[in-house]
Trainee: 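Dumping the structure here so I can ask a few things about it.
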Amino acid sequence: MSKSKLIDVIDLSASYGPIQALNNISLSVNKGEIVALLGANGAGKTTLLQTISGLLKPTEGKILYQGNNITGMEAEKVVEKHLVHVPEHRQIFSTMTVLDNLYLGAYHHRKKTKMKNIENNIEKVFNLFPILKDRKDQLGGTMSGGQQQMLAIARGVMSEPELLLLDEPTLGLAPLIAKDVLELVRNLRAEFGTTVLLIEQNVTASLKIADRGYVISHGTIVKSGNSKQLLNDPEVKEAYLGHT
Ligand code: ATP
C-alpha cells in the first residue's frame, strides 16, 4: 500500500463561539487506508469531520488534501475535489425514490461528469449495494434504518470519493445490520480503493475494519496507533471496550 498522505491535518483548531471544540489537532490519512476516530461523546470527532469537509471554518491550522491547501474552502468546492462527507443521521431525501437520491449524489459533479459516467456509477453502486437496486423505485423514507444508511453511503459514492468521511454510519442499527454496513465500507475500499476516515461508536467493530486509529479527548488527540495496538491498549480497553 502506498504511503502517500491523502489528507494531512496540521495543528487544527475550531470553535463554536466561546467553546473551543478542536485544539491543535494533527493527523493524516494515507491513500487507501481506513482510519478510525475514537473518543467519547462531545470529544470533537464530528467537528473534525465538519472542519475537513468545509462545513465549519477552522480558527487555526491547515488542511492539505492531495498536497493542496484546502483550509477554509467552501463545502461545495471540497466535494468537487472528491472529498466526500456522509454526515451523521443519514440525511437522505425521504420523499424521493432511492434512484433519485442517487442521482442527487452526483449533483455536485453534474457539470464535469457525463451522464454516461453517472449511469456507470449507478451500476457500480447497485453491484455494491444490491438491495438498493431491488428497491430503486421505493421512497427513501420507507426504507429500513440499515437500508437508509446504505443509501446515504451509496449517495456519497456517487460523488466518486477519493476520501470518504463517514460519521457514525451504524448509529441506531441492530448489531447484525451494523456489521453489514461496516463490511460494505471495507468492500468500498476493495472495489474502488476509497480511503476512509470513520467515526464509529462501536470501537471494537471499527478497529476490526480500520488499519489505524486516533483517540480524541476534549478536542485533542491523546493517542494513536494501529488497530491491533489500540485494541490491546489498556487505557483504550478501559475507556471504550469495557462493555463491548
Ligand atoms: P458525539 O459522539 O456525541 O457526536 P463528537 O466527538 O462528535 O461527539 P462534537 O459533536 O464534535 O463531538 O462536539 C465537540 C464539542 O463541541 C462538544 O463540546 C459540543 O458540545 C460542542 N458543539 C458541537 N456542535 C456545536 C454547536 N453547533 N454549537 C455549540 N457547540 C457545539
Side-chain angles (χ1 to χ4, degrees), residues 7 9-29 34-63 65 70-75 78-79 83-92 145-146 148-149 152-153 156 163-175 177-179 181-182 185 196-210 212-225 227 230-231 233 235-244:
I7 187 119
V9 171
I10 304 159
D11 293 334
L12 199 70
S13 297
S15 304
Y16 299 99
I19 301 168
Q20 180 149 20
L22 300 181
N23 188 2
N24 268 318
I25 293 249
S26 293
L27 61 79
S28 60
V29 182
I34 297 177
V35 172
L37 285 176
L38 316 175
N41 288 337
K45 305 178 299 294
T46 295
T47 304
L48 176 59
L49 295 197
Q50 289 178 334
T51 311
I52 293 174
S53 67
L55 293 172
L56 197 68
K57 302 267 178 263
T59 50
E60 276 177 76
K62 239 196 313 198
I63 304 165
Y65 174 65
I70 60 158
T71 320
M73 188 180 271
E74 298 295 328
V78 173
V79 74
L83 196 171
V84 178
H85 185 183
V86 177
E88 231 172 343
H89 306 306
R90 46 188 111 105
Q91 292 160 359
I92 59 156
Q148 288 189 28
Q149 188 57 60
I153 298 173
L163 175 63
L164 192 60
L165 308 177
L166 279 182
D167 195 343
E168 306 247 17
T170 71
L171 195 68
L173 301 181
I177 315 275
K179 202 165 159 255
V181 169
L182 289 179
V185 173
V196 181
L197 183 57
L198 169 76
I199 300 178
E200 169 56 50
Q201 85 261 335
N202 186 331
V203 172
T204 309
S206 67
L207 287 176
K208 276 189 184 152
I209 68 155
R212 295 189 293 123
Y214 291 91
V215 182
I216 301 186
S217 175
H218 301 288
T220 308
I221 289 179
V222 292
K223 204 177 273 283
S224 64
S227 296
L230 290 174
L231 277 169
D233 185 288
E235 281 172 21
V236 173
K237 276 187 178 167
E238 167 80 22
Y240 307 109
L241 303 180
H243 305 289
T244 55

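Just so you know, ligand 1 is whichever comes first in the structure, and atom 1 is the first atom listed for that ligand. Computed from heavy atoms alone, side chains included, the values below leave out hydrogens, waters and symmetry copies.
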Trainee: So, does Glu168 sit close enough to ligand 1 that a heavy atom of it is under 4.0 Å from the ligand?
Mentor: yes
Trainee: Heavy atoms only, cut-off 4.0 Å: how does Glu88 contact ligand 1, side chain, backbone, both, or neither?
Mentor: side chain
Trainee: Report yes or no: does Tyr214 contribute a side-chain atom to a donor-acceptor pair with the main-chain N or O of Ser26 at less than 3.5 Å?
Mentor: no
Trainee: Under 4.0 Å from any heavy atom of Ala21, which atoms of ligand 1 are there?
Mentor: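 Result: 15 (C), 16 (O).
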Trainee: Side-chain contact test, heavy atoms from C-beta onward, threshold under 4.5 Å: evaluate it for Val236 versus Leu231 and give yes or no.
Mentor: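 No, their side chains stay 4.5 Å or more apart.
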Trainee: Which residue supplies the protein heavy atom nearest to atom 16 (O) of ligand 1, what is that atom called, and how far is it?
Mentor: Tyr16 CE1, 3.4 Å
Trainee: Judged on heavy-atom distance to atom 11 (O) of ligand 1, which of Ile216, Leu38, Asp167, Thr47 sits nearest?
Mentor: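 Result: the heavy atom closest to atom 11 (O) of ligand 1 is in Thr47.
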Trainee: For atom 2 (O) of ligand 1, grab the closest protein heavy atom and report residue, atom and distance to one decimal in Å.
Mentor: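 Checking every protein heavy atom, the shortest distance to atom 2 (O) of ligand 1 gives Lys45 NZ, 3.1 Å.
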Trainee: Taking all non-hydrogen atoms of both residues, which atom of Leu22 and which atom of Gly44 are closest, and how far apart?
Mentor: CD2-O, 3.4 Å
Trainee: Which heavy-atom pair separates Pro169 from Leu173 by the least distance, and what is that distance?
Mentor: O-CD1, 3.8 Å
Trainee: Would you say Gly17 touches ligand 1, if touching means a heavy atom closer than 4.0 Å?
Mentor: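 Flag not set, Gly17 not near ligand 1.
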Trainee: If we set the cut-off at 4.0 Å for heavy atoms, which region of Gln201 has an atom near ligand 1: side chain, backbone, both, or neither?
Mentor: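 For Gln201, there is no contact with ligand 1 at all, from either part.
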Trainee: If you count the atoms of ligand 1 from 1 in the order shown, which ones are under 4.0 Å from a heavy atom of Ala43?
Mentor: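 The list of qualifying atoms is 5 (P), 6 (O), 12 (O).
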Trainee: I'd like to know if the side chain of Ser227 and the backbone of Ala210 have a donor-acceptor N/O pair within less than 3.5 Å.
Mentor: yes
Trainee: Please find the pair of heavy atoms, one from Thr47 and one from Thr51, that lie closest to each other, and give the distance.
Mentor: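 Minimum heavy-atom contact is O-OG1, 2.6 Å.
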Trainee: For atom 10 (O) of ligand 1, what's the nearest protein heavy atom and its distance?
Mentor: Thr46 CB, 3.7 Å
Trainee: Ignoring hydrogens and geometry beyond distance, is a side-chain donor-acceptor pair present between Gln201 and Thr170 at under 3.5 Å?
Mentor: yes
Trainee: Where the side chain of Lys179 meets the backbone of Ala174, is there a donor-acceptor pair that is under 3.5 Å apart?
Mentor: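 Such a contact is absent between Lys179 side chain and Ala174 backbone.
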Trainee: What protein heavy atom sits nearest atom 15 (C) of ligand 1, and how far off is it?
Mentor: Gly42 O, 3.7 Å
Trainee: May I ask you to test the Glu74-Lys57 pair for a side-chain heavy-atom distance under 4.5 Å?
Mentor: yes
Trainee: Counting only heavy atoms on the protein side, is anything nearer than 4.0 Å to atom 20 (O) of ligand 1?
Mentor: no
Trainee: Is the closest protein non-hydrogen atom to atom 25 (C) of ligand 1 under 4.0 Å?
Mentor: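 Under the 4.0 Å cut-off, atom 25 (C) of ligand 1 does have protein heavy-atom neighbours.
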Trainee: Is it true that Gly44 lies under 4.0 Å from ligand 1, counting heavy atoms only?
Mentor: yes
Trainee: Check ligand 1 against Asn41 and write out every atom of the ligand that is under 4.0 Å from a heavy-atom position of the residue.
Mentor: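 Answer, ordered by atom number: 1 (P), 2 (O), 3 (O), 8 (O).
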Trainee: Of the non-hydrogen atoms in Gln149 and Val86, which two are nearest, and what is the gap between them?
Mentor: NE2-CG1, 4.5 Å
Trainee: Enumerate the atoms of ligand 1 whose separation from the nearest heavy atom of Ala40 is less than 4.0 angstrom.
Mentor: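 Near Ala40, the atoms of ligand 1 are 6 (O).
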